[in-house]
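Notes follow the structure.
Reminder, nothing fancy here: chain letters follow the sequence lines and each chain counts from 1. In this text, all values refer to a predicted model and were calculated from it rather than measured experimentally.
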Amino acid sequence: MRRKRLGRGNRLAALGVLAGLGLALAWGPAAGTAFAAEPVKQRQIVYGITTWTGKEFAGTFAPANADTIYLTASTRHVLDVLETDVYYWPITQEYMADWMGYRRVIPGRLEVLRGDQVVATLDRAPYTFVYPEGYMGGEVQLAVGEEAHEAYRRYQDAINVYYDQAEAYRQAEEAWRDRMARILEEVQRTGKPADPEKLPKAPEPPEPPRLLVMQPAEGFVVQLPAGEYTLRLVGEDGKEVEAARKELEVFAPRRTGVGYQIIPESKWTMPVESGDPAEALYVSSETTFYLKAFAASELNRYAYSRMLELAKPLAGSGQRSAWQWVLGEELGGVTLQVLQGGQVVATAEPRPYYVEQTPGYALGYRIVDFDPSRPEFQGRQPSFVAFKVQLQLRAGATYELRLVDAEGKPVPNSARTVRAVRGDPAWPLYAWPGVPLVAGLVVAGWRRRLKPRRPPEA
Amino acid sequence: MTGAPITRGHVALTIAGRDLRSHLFGFSLYLAVSLVLLGVSHFAMRNALWQVEQNGLIVLGSPISYPFFLAMWLLTIYLGLMAAVAIARERDSGTLEVLFYGPVDGLSYLAGKFLQPVASFAVVMLFYLLYFGVTAAYTNLGFPGQVLQLLLLSLALAGCVVALGLAVSALSRRVFISVLVFLGLMLFFTLFDVAHAVLMAIPGERLTDLLAFARMVVDSTQQVMAWISPVEYYSRGSAALLMGERSAYLVALGSSVLYTAVLMALAAWIFQRKGVRR
């Protein structure tokens with residue numbers, strides 16, 4: 001009897017669960033937003049961080065749970081203390097700031113402490129990024145203070161001049177079209193072709209300015225020698241903003257030198273990098289390649305990763321003992337020398353090159369000299385600018401590459417050895433390990449001969 | 001008529017010389033060296049050449065450095081294993097007790113057992129130099145710079161591993177246990193080094209929670225391993241050579257010698273406590 005009652009109860013429970021599931025399935029899609037993974041936001045005081053990577057400025061931020069900020073030594077970085085809504089985004093495993101939703105600047109002065117001693121007190125200063133060759137041009141400069149406003153004014157002036165030129169061009173082009181239309185009408189009416197010498201020349205469109213300057217913003221510009229510091233924000237009331245206290249680790253490179261980006265002619269989209277001066281280039285078939293030279297520094301991988309991606313809790317995890325070479329700014333004013341047996345056999349200057357596809361459907365390309373005066377390169381940009389190296393390679397050949405400055409002095413840590421390897425035939429690689437074996441046989445045989453023979457039994 | 005007193009050093013040298021003669025006149029050492037070099041040729045040297053062949057152009061530190069280390073490490077394990085077997089075998093067979101009825105004591109015996117493998121290692125180094133010199137010249141992969149300093153580090157590494165083998169051997173009364181413990185330790189050191197290198201090479205974007213955790217554990221453990229594993233002393237020394245840091249190289253070399261001394265002292269203490277009887 002009891003069992004029967006329980007069975008009925010179970011059936012009721014099962015029906016209830018099924019009904020619930022059915023409801024959930026029916027209601028779920030309609031109320032999709034209710035189940036969507038909208039992240040939970042938390043209002044926090046964070047540090048906005050714009051760091052110099054050695055090549056460019058990169059942005060990240062320090063959420064409340066990131067205790068330490070990492071910056072490279074003796075270079076300028078920009079920090080700011082802000083209040084915003086922070087949420088964790090599990091897909092990319094990082095904290096994100098909803099800058100558009102809420103963003104408030106926390107007023108005050110930033111103090112940098114070493115131990116208990118204040119080593120720097122910083123006020124917010126206007127700053128901006130200047131791209132002399134445009135955003136894609138590669139070079140970027142940080143302008144601070146009045147220099148930032150001045151740079152931005154210069155940029156606006158350039159833009160205004162360009163707009164004026166563009167307007168003048170539009171008017172000139174309109175006048176030219178009118179004139180051409182009248183000539184055409186004249187030709188159609190009289191049937192006499194116009195004299196090409198007397199045709200008006202089309203106006204040239206103006207070149208847009210390459211210079212790009214961002215609108216100045218305000219922040220704390222930090223430049224410190226390597227060491228461990230503490231950051232604290234002192235509010236306008238003279239009291240410390242507790243939530244804005246962070247540790248600051250300023251780290252220096254372990255080694256510096258010259259790094260190369262090496263573009264093999266047969267794989268120009270897959271360049272290889274060499275930062276460590278102890279590295280060498282090993283070649284089997286590649287006789288032509290292109291080199292770009294950069295300032296390189298060897299940085300602690302953990303600190304460098306944390307500097308770039310502080311909002312990612314996993315960034316640099318487990319890499320405190322690892323080091324990595326980072327290529328920085330491209331080097332200018334240098335010449336590449338190719339040496340063989342200590343003698344310079346070739347030199348190269350950086351030149352522009354253009355990669356053109358070979359005609360037809362098959363894949364293929366050619367790397368050719370970029371000559372802007374030639375008609376086929378009109379309106380085009382070079383694919384890259386680099387030193388071209390062409391070697392006469394025979395197996396066993398060894399060369400040395402190095403940079404020299406304008407005075408002909410070798411640039412420290414710029415030398416790299418190029419070795420043409422030989423692996424064919426491979427049998428010697430298997431024959432040489434036999435030498436100890438032969439030596440062992442000889443020794444064993446010799447010892448056997450030295451052993452006194454047992455006298456024959458009587 | 002009485003002769004000159006027999007010193008500990010004399011006894012140690014006599015034991016080492018006797019063992020060295022037997023080792024060098026035997027065939028097993030040469031066979032082991034040949035097999036190691038054959039493996040290095042096939043797996044490491046050909047692999048380096050194959051990589052260059054496939055890519056047309058690659059950038060590497062020194063393709064010979066790793067095979068050189070591999071060859072040394074394998075030989076060191078072999079000699080360390082011989083050391084690990086030495087005391088346990090002689091104790092097990094009862095010859096150790098007989099030996100100690102003569103003018104032999106624990107220190108001179110251990111010193112002799114230490115000097116022999118290290119001397120064997122020095123002899124084998126000549127074969128290695130010949131092999132790597134010829135191979136580097138033939139393939140043009142280039143011989144690592146500062147060979148002498150590297151050889152010194154290698155000798156120090158051999159000293160560490162042999163001392164470790166002797167400590168294990170002194171501790172054990174059974175050859176089997178001694179071999180098992182020694183090989184287990186060597187395998188652990190090797191695998192740890194490989195795991196550390198593999199985990200460090202994983203790029204950030206491929207890092208899962210689990211891998212990140214594993215990397216943190218391995219990286220933290222590495223701080224301890226840096227003082228326990230003999231390989232770490234060699235790695236530190238060779239890295240210092242690459243960076244041209246003479247003082248760091250000397251510290252690595254000195255630490256290696258200290259490690260050997262500590263292990264030898266430990267072996268002597270254990271040997272003293274365990275005695276020579278079965």
Can you check side chain to side chain contact (heavy atoms under 4.5 Å, CB included) on Tyr131(B) and Val435(A), steps first, answer last?
-> CA-CA 8 Å; Tyr131(B) 168 80; Val435(A) 171; over 6 Å; no
Side chain, backbone, both or neither: which part of [X] has an atom under 4.5 Å from a heavy atom of chain B?
X         : answer
Lys267(A) : side chain
Ala315(A) : neither
Val421(A) : both
Pro425(A) : both
Leu441(A) : both
Arg447(A) : side chain
Arg254(A) : side chain
Phe289(A) : side chain
Glu298(A) : side chain

Pick whichever of [options] has the most heavy-atom pairs under 4.5 Å with chain B.
options                                    : result
Pro313(A), Ala278(A), Ala280(A), Gly434(A) : Ala280(A)
Ala444(A), Pro436(A), Gly440(A), Ala426(A) : Pro436(A)
Gly423(A), Pro428(A), Ser317(A)            : Ser317(A)
Ser274(A), Pro264(A), Gly396(A)            : Gly396(A)

Heavy-atom count around [X] [atom1] within 6.0 Å, excluding the residue itself: above 12?
X         : atom1 : value
Glu228(A) : CD    : no
Tyr66(B)  : OH    : no
Tyr365(A) : OH    : yes

Shortest non-hydrogen contact between [X] and [Y], atoms and distance:
X         : Y         : answer
His196(B) : Ser321(A) : NE2-OG, 3.6 Å
Thr135(B) : Trp432(A) : OG1-CE3, 3.7 Å
Met200(B) : Gly318(A) : CE-O, 2.5 Å
Ser34(B)  : Pro433(A) : OG-O, 2.7 Å
Ala212(B) : Leu314(A) : CB-CD2, 3.5 Å

In Å, rounded to the nearest 0.5 Å, how long is the span from [atom1] of [X] to [atom2] of [Y]?
X         : Y         : atom1 : atom2 : result
Gln93(A)  : Asp209(B) : CD    : CG    : 5.0 Å
Gln223(B) : Arg320(A) : CD    : CZ    : 9.0 Å
Met270(A) : Leu57(B)  : CE    : CG    : 12.0 Å
Leu60(B)  : Leu281(A) : CG    : CG    : 9.5 Å
Leu49(B)  : Asp424(A) : CG    : CG    : 10.0 Å
Tyr282(A) : Leu141(B) : OH    : CG    : 6.0 Å

Arg255(A) side chain to Met243(B) backbone, donor-acceptor under 3.5 Å |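 Pair absent, no side-chain N/O of Arg255(A) close to backbone of Met243(B).
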Do you see a donor-acceptor pair shorter than 3.5 Å between the side chains of Asn140(B) and Arg422(A)?
->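 Arg422(A) and Asn140(B) do not have a side-chain donor-acceptor pair below 3.5 Å.
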Chain A contact via [X] - side chain, backbone, both or neither, heavy atoms under 4.5 Å:
X         : answer
Ala226(B) : neither
Leu24(B)  : backbone
Glu53(B)  : both
Val52(B)  : both

Candidate pair Leu437(A) and Phe27(B), rule side chain to side chain contact (heavy atoms under 4.5 Å, CB included), full reasoning | CA-CA 8 Å; Leu437(A) 201 65; Phe27(B) 189 63; 3.8 Å; yes
Between Ile58(B) and Val283(A), is a side chain to side chain contact (heavy atoms under 4.5 Å, CB included) present by the stated rule, with each step listed?
-> CA-CA 7 Å; Ile58(B) 56 170; Val283(A) 291; over 6 Å; no
Determine, step by step, whether Ser62(B) and Glu279(A) satisfy the side chain to side chain contact (heavy atoms under 4.5 Å, CB included) criterion, reporting the C-alpha distance in whole Å, the side-chain angles of both residues, the deciding distance to 0.1 Å, and the verdict.
-> CA-CA 7 Å; Ser62(B) 167; Glu279(A) 287 174 340; over 6 Å; no
So His42(B) and Tyr430(A), would you call those rings parallel, tilted or perpendicular, with 30° and 60° as cut-offs?
-> tilted
